[in-house]
Every structure is written in C-alpha cells, then in structure tokens.
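Accompanying notes for the structure given below.
This is a predicted model, so every value here is computed, not measured.
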Amino acid sequence: MEQLLALEMIRVTEAAAIASARLMGRGEQDEADHAAVEAMRRTMDEIEFAGRIVIGEGERDEAPMLFIGEEVGLHGDDQPEVDIAVDPLEGTNLVATGQTNAITVLAASEKGGLLHAPDTYLEKLCVGPVVAGAVDIRVPAGENVARIAEALRRKPNDITIIILDRPRHADLIAEVRAAGARIKLISDGDLSAAISCAVQGTGVHAVMGIGGAPEGVLTAAALRCLGGEIQARFRFRSEEERERALRMGAGADEDHVFTTEELASGDNLVFAATGVTDGDLLHGVHFFGGGARTHSLIMAYQTGQVRFVDTVHMFDRAKPPAVRL
C-alpha cells in the first residue's frame, strides 16, 4: 500500500502546486487556496483507492470539498482504505505576496493512522533525528536550547530556532534569546520549517511555539519518516474547540503531551510536499513556454525512503518544449 500511496500522492501535491503558483504575487490568497483545493480534489479522484479526509478544509458546511469525512478516490472493490490529511496550500499569504516557502502538503496512512485533530492550536516543539529524545516540551525553552546544543555538540549561539512571528510568542522569543540561541522569525509556514529542522544543511535546528493543530499532525507524519520528533500540547482558544476535540476523539487535556507516534501512528505512512514558491527545502514551480517544472519531497515510513523529485510537466502536446537540466 505504501508503494501505491508514494507513487500517486505526489501527483496530487504537484497538481495543487501548479494551480496555486499561477496566482503568485497577485494578492489573492483565497483564490490561490481555492485553486489548490480544486486541483488536489480533482487529482485524488483519478486514483484507485478508498480515501477519506481526516484533516482538511473544515466541516462540510464550511468547505465545498476536501472537508473532514469526505470520501475521495475511485472507490472500487478491494481498494485499500486510506486516511488522508491535507494542507492544499500552506502559506496562502506567502503565495499572495510572492514570498518564499509556500508548499502543498499531503499525508496518508491506513485507516486510523492519523490523529483526527480539531482546528485549534498546538504548542509544538520540533527537532531533527540527532536531537530526538533529548528535549522535553514541559521544561523551559532555555533548557531545551541547552539540550539541543549539547546533542548537536554546539554552543547555544550556534543554534537556530524558528518561531512564528506572533504577539503570543513574545515571552518565548525573549527566553530563547536569553539562552543565547539565534532566532529566525517567520510570518507563516511552521510545517515547512519543521521539516527543514530534520534535514541537515538547512541551517534550522528546532521549531518552537504555538501553531495549528492540523499542521501538527502533518508535521508528525513528516518527522516520523525522517526520524525527527514533535512534542505537542493542545492550546484551545474556546470551549467550543475543547468540545470539538472531545467529539473527534482527540481528548481535551491541555497537559497531555502528544508524541510523534500518537499524532501519526500509521504503519503504512506516506508524506508528500511540493514547493509552490522557492524555499529553504524545495524549489517553487517554475513555468516556461509550454510547461512547468516542480520540485517535491516524498517519504515512506515503512520502506525508509526519502525522495526528492524534479518533474517536468508538458502542457503543449502539439509542440512539446525542450527539456533542460
């Protein structure tokens, strides 16, 4: 099943990336997101599997497609049942303003392999494989900076932490700075940042702070494939969110620390992402006469495979463009 998912899911993220990239810099974040959603949904229905959206664009009454519980794929006899988590466009504002690190994302697993996370917040701590097991989200951020530095055999001022640039993170930023670490503040895209911290050579060593819970599950799928770690705790904004978490079976205890394996427990786990705009990890979509080029990451947990895929898409069948290295 993993081989099927790995080969097919990348088609889905590529289609979404190409569709949304056409709106880069247009200042139309909603339109870019809608283009990604439509392309992703259309491509999923070409795949022979019995898919179900467990993390998507919201409830049925809030989203016309890719809503939680929606069935996707060519449902036929003996087709594998697959749970799917999607972020059709992580970084809608990044695309609208032509900034870096916008991606399209999908994670898939056998039924029950992904936590049904509500649309609320998680406090997150993400690290790569070398640091996995050395940190604890329950201790002060300064102590985790010291633990990260020790695990990497560096000094704290050689460590770079990514934090979303939000007012809610003022105290966290002050504490990390006091510990001596460097900080890269980002406007959007903590999922892309979390993947980067598990890949050597990106210059990112950890991600800290509060962000979306659905993105946390996608992050867990990626980090599990890469051998990294995410620790997370719910941070509800209202009683309605707390009650929704209970209804979805995710629990509502803000003291409970979710592990990577709790968020993405599947045995047949696949993660796919395609760059929309150029970023630290992936190149964005590059258009040329008669076609486009995409750069994607596809990972499979069980087989231990991590692929970077460079694809040329030819739109002009009558006069195919020349393919360049």
Subject >> Identified side-chain contact (heavy atoms from CB on, under 4.5 Å) partner of R224 from the options E261, E229, M299 >> reply: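 Considering E261, E229, M299, a side-chain contact (heavy atoms from CB on, under 4.5 Å) with R224 is found only for E261.
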Indicate yes or no for a side-chain donor-acceptor contact from [X] to the backbone of [Y] under 3.5 Å, with no hydrogens or angles considered.
X: T13; Y: I10; answer: yes
X: R166; Y: G209; answer: no
X: R52; Y: E81; answer: no
X: E175; Y: A141; answer: yes
X: N144; Y: D136; answer: yes
X: E90; Y: D87; answer: no
X: H205; Y: V127; answer: no
X: S20; Y: A17; answer: yes
X: N268; Y: E110; answer: no
X: D165; Y: L185; answer: no

Distance-minimising heavy-atom pair for [X] and [Y]:
X: E28; Y: A96; answer: N-CB, 3.9 Å
X: A108; Y: V82; answer: CB-CG1, 3.8 Å
X: F234; Y: A250; answer: CE1-O, 3.7 Å
X: L115; Y: V217; answer: O-CG2, 3.8 Å
X: G56; Y: V86; answer: CA-CG2, 3.8 Å
X: A181; Y: I161; answer: CB-CG1, 4.1 Å

With a 4.5 Å heavy-atom cut-off, do [X] and [Y] have their side chains touching?
X: C197; Y: I162; result: no
X: R237; Y: Y121; result: yes
X: V105; Y: L191; result: yes
X: L122; Y: I230; result: no
X: I18; Y: T294; result: yes
X: E262; Y: V257; result: no
X: N93; Y: S187; result: no
X: V54; Y: I84; result: no

Tell me whether [Y] is reachable from [X] by hopping between hydrophobic residues (I, L, V, M, F, W, Y) whose side-chain heavy atoms are closer than 4.5 Å.
X: I137; Y: I183; answer: yes
X: M65; Y: V72; answer: yes
X: F271; Y: L269; answer: no
X: V204; Y: L164; answer: yes
X: V309; Y: V276; answer: no

Rounded at 0.5 Å granularity, tell me how far [atom1] in [X] sits from [atom2] in [Y].
X: L66; Y: R41; atom1: CG; atom2: CZ; value: 6.5 Å
X: M9; Y: M40; atom1: CE; atom2: CE; value: 9.5 Å
X: I186; Y: D280; atom1: CD1; atom2: CG; value: 9.5 Å
X: F258; Y: D253; atom1: CZ; atom2: CG; value: 8.5 Å
X: E143; Y: I148; atom1: CD; atom2: CD1; value: 11.0 Å
X: I68; Y: D119; atom1: CD1; atom2: CG; value: 7.5 Å

Taking only Lys NZ, Arg NE, NH1 and NH2, and the carboxylate oxygens of Asp or Glu, determine whether [X] and [Y] approach each other closer than 4.0 Å.
X: E239; Y: R242; result: yes
X: D158; Y: R153; result: no
X: K111; Y: D83; result: no
X: R233; Y: D255; result: no
X: R26; Y: E31; result: no
X: K124; Y: E215; result: no

Subject >> Sequence neighbours excluded - ring pair (Phe, Tyr, Trp, His ring centres under 6.0 Å) pairs with any residue from residues 13-37 >> reply: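 Checked against ring pair (Phe, Tyr, Trp, His ring centres under 6.0 Å) - neighbours excluded - no pair reaches residues 13-37.
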Subject >> Worked check of side-chain contact (heavy atoms from CB on, under 4.5 Å) between E254 and F236 >> reply: CA-CA 8 Å; E254 293 195 18; F236 299 112; 3.3 Å; yes
Original post:
What's the verdict on salt bridge (charged side-chain N to carboxylate O under 4.0 Å, His left out) for R11 and E14, showing C-alpha distance, side-chain angles and the deciding distance?
Top reply: CA-CA 5 Å; R11 292 176 48 210; E14 286 176 342; over 6 Å; no
**OP:** On the 0 to 90° scale, with breaks at 30° and 60°, tag the F315-F287 ring pair as parallel, tilted or perpendicular.
**Re:**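 The arrangement is tilted - the two ring planes meet at 30° to 60°.
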Original post:
For the residue pair H283 and H286, does the interplanar ring angle fall in the parallel (under 30°), tilted (30 to 60°) or perpendicular (over 60°) class?
Top reply: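 Aromatic pair H283/H286 classed tilted.
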For [X] and [Y], does a side-chain donor sit closer than 3.5 Å to a side-chain acceptor?
X: T274; Y: H295; answer: no
X: T277; Y: Q99; answer: no
X: S238; Y: E240; answer: no
X: E48; Y: H75; answer: no
X: T160; Y: R182; answer: yes
X: T120; Y: E241; answer: yes

**OP:** Determine, step by step, whether R22 and V285 satisfy the side-chain contact (heavy atoms from CB on, under 4.5 Å) criterion, reporting the C-alpha distance in whole Å, the side-chain angles of both residues, the deciding distance to 0.1 Å, and the verdict.
**Re:** CA-CA 9 Å; R22 295 187 184 279; V285 178; over 6 Å; no
**OP:** Could you go through the side-chain contact (heavy atoms from CB on, under 4.5 Å) check for L281 and N101 one step at a time?
**Re:** CA-CA 8 Å; L281 187 66; N101 287 312; 5.9 Å; no
Would you indicate whether [X], at its atom [atom1], is surrounded by more than 12 heavy atoms from other residues, nucleotides or ligands within a distance under 6.0 Å?
X: D171; atom1: CG; value: no
X: R168; atom1: CZ; value: yes
X: E150; atom1: CD; value: no

Subject >> Verdict with reasoning, Q231 to V135, per side-chain contact (heavy atoms from CB on, under 4.5 Å) >> reply: CA-CA 9 Å; Q231 297 177 15; V135 294; 4.0 Å; yes
**OP:** Measure from NZ or CZ of R293 to the centre of the six-membered ring of F288, then state whether that distance is under 6.0 Å and the direction lies within 45° of the axis.
**Re:**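 Pair R293/F288 does not count as cation-pi.
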